[in-house]
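Quick note on labels: first sequence line is chain A, next is B, and so on, each numbered from 1. In what follows, every heavy atom counts, from backbone to side chain, and hydrogens, waters and symmetry copies are set aside.
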Protein chains: 2
Amino acid sequence: MLAAAETLLAGTTSPAAVSMDEIAAAAGVGKGTLFRAFGSRDGLLDAVFASRLDPLRQELNRPGSPVGPDVPAADRLVGVLLLLLDFKLDNPRLTTAREMNGTALLQAPHYRWVHRLLQDLVAKTGRTADSADVAAHLLLGALRVEVITELQAAGMTREQLGRYLEDVVHRLVGPDEH
Amino acid sequence: MLAAAETLLAGTTSPAAVSMDEIAAAAGVGKGTLFRAFGSRDGLLDAVFASRLDPLRQELNRPGSPVGPDVPAADRLVGVLLLLLDFKLDNPRLTTAREMNGTALLQAPHYRWVHRLLQDLVAKTGRTADSADVAAHLLLGALRVEVITELQAAGMTREQLGRYLEDVVHRLVGPDEH
DNA sequence: AGAATTACGGACCATGAGTCCAGATGACGC
DNA sequence: GCGTCATCTGGACTCATGGTCCGTAATTCT
């Protein structure tokens with residue numbers, strides 16, 4: 001089912017228009033089964049998302065990786081963000097489906113997870129928890145598909161996007177001043 | 001009709017659940033009329049938004065106002081953002097209705113308008129047009145209802161939000177470095 | 001093998017955006 | 001004042017979609 005959903009989402013220009021009926025049909029399964037397994041459309045989307053995000057999670061835990069647990073916070077932060085950028089560039093439809101679907105994005109499990117990670121990393125660069133909280137939201141805001149898409153449409157390349165992201169990080173994560 | 005829509009939106013905790021039927025009924029008008037006047041749900045929402053935003057627009061054009069056309073860009077920028085913050089704090093439901101309704105927020109007329117304004121102001125503080133474009137998106141990202149709501153829920157007061165916003169501006173709008 | 005429990009699928013329901021047309025309302029000429 | 005024509009209006013209707021429900025099939029247990 002996850003695979004079917006993923007394929008369908010990737011193959012349309014308007015992921016919001018992919019219905020649960022279609023996904024069920026494509027997965028060769030009844031609608032009831034789909035809902036029993038995932039609870040709701042959001043649940044399904046989250047599950048697809050989680051499965052896609054898994055390699056990234058692994059990479060973050062693998063000691064020795066360029067974004068592994070031992071890397072200094074500042075570098076790791078940049079690394080993670082660039083990885084997320086790549087993820088969004090590689091899975092635009094899926095991300096769109098999740099980010100543009102009305103329901104509270106900030107409550108979604110993967111958002112909370114990434115936010116937490118970023119918050120910790122930012123905090124380690126010398127900011128209070130509160131201020132790191134805010135900064136993490138801002139960094140994630142900078143990565144919204146809508147924004148990225150818009151910038152791409154305006155002619156920015158992947159590399160330029162990466163550079164702009166790094167710039168944002170540097171501006172945003174300096175130590176508190178007051 | 002605008003007034004009816006506004007009232008209904010303000011009076012519910014889940015603005016997404018306010019239907020066009022309800023609005024039509026509350027306005028004492030047929031659904032057909034509603035759609036003829038605004039084209040679609042989005043159109044109506046935009047219209048309500050625009051009407052609410054009008055005083056703010058006026059203030060921006062009034063010479064002598066603290067955010068008027070003659071104020072130095074850096075100050076004006078902060079002023080405008082604080083005004084927008086106030087607006088969102090004062091109209092949380094309306095803003096939620098518009099920001100959380102799936103359809104491309106960045107294409108909405110008011111978003112484009114504010115973005116343009118911010119971009120110009122940022123550019124005047126010594127950044128290239130491209131970089132100002134990005135910065136403007138980030139600033140608006142910092143003002144998303146979802147984020148603001150979350151921070152409020154975490155216990156931040158209006159004043160703290162204002163201060164955090166100012167901090168973001170200062171971090172974000174310095175001159176380009178590379 | 002037969003009973004009991006669980007899982008399945010797709011018909012069914014509820015809701016809400018957007019359409020459409022029969023009739024009301026108003027403008028205009030006589 | 002009245003008939004005709006054009007325009008506008010309201011709400012019944014269509015259609016799409018998320019989510020539920022239940023008869024039946026599969027599976028497990030004895």
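To the nearest angstrom, C1' of C:dA7 lies 11 Å from CE of A:Met1. Put simply, CD1 on A:Ile23 is 12 Å from C1' on D:dT17, counting in whole angstrom units. C:dA14 atom C1' lies 15 Å from atom CD of B:Glu22, rounded to whole Å. At whole-Å resolution of the value, CG in A:Leu45 and P in D:dG18 are 10 Å apart. When the P atom of C:dC20 is taken as reference, atom CG of B:Leu34 falls 17 Å away, rounded to whole Å. One interatomic measurement links the two molecules: CG of A:Asp42 to C1' of D:dT17, which rounds to 14 Å at whole-angstrom precision. With rounding to whole Å, A:Asp21 atom CG is found 11 Å from C:dA11 atom P. Taking atom CZ on A:Arg36 and atom P on C:dT6, their separation rounds to 13 Å, with Å as the unit.
The side-chain hydrogen bond (donor to acceptor under 3.5 Å, both in side chains) test with B:Tyr111 is passed by exactly one of B:Arg98, B:His137, B:Glu99: B:His137.
With salt bridges taken as basic N to acidic carboxylate O contacts below 4.0 Å, none links A:Arg144 and A:Glu150. Between B:Glu166 and B:Arg163 no salt bridge is recorded (no basic side-chain N to carboxylate O distance below 4.0 Å). A salt bridge does not link B:Asp120 to B:Lys124: none of the charged side-chain nitrogens sits closer than 4.0 Å to a carboxylate oxygen.
Donor-acceptor pairing under 3.5 Å, judged by distance alone, is present between the side chain of B:Lys31 and the base of C:dA17.
In terms of position on DNA chain C, the residue among A:Val29 and B:Ala17 whose nearest nucleotide sits closer to the 5' end is A:Val29. Both A:Val18 and B:Thr33 sit near DNA chain D, but only B:Thr33 has its closest nucleotide nearer the 5' end.
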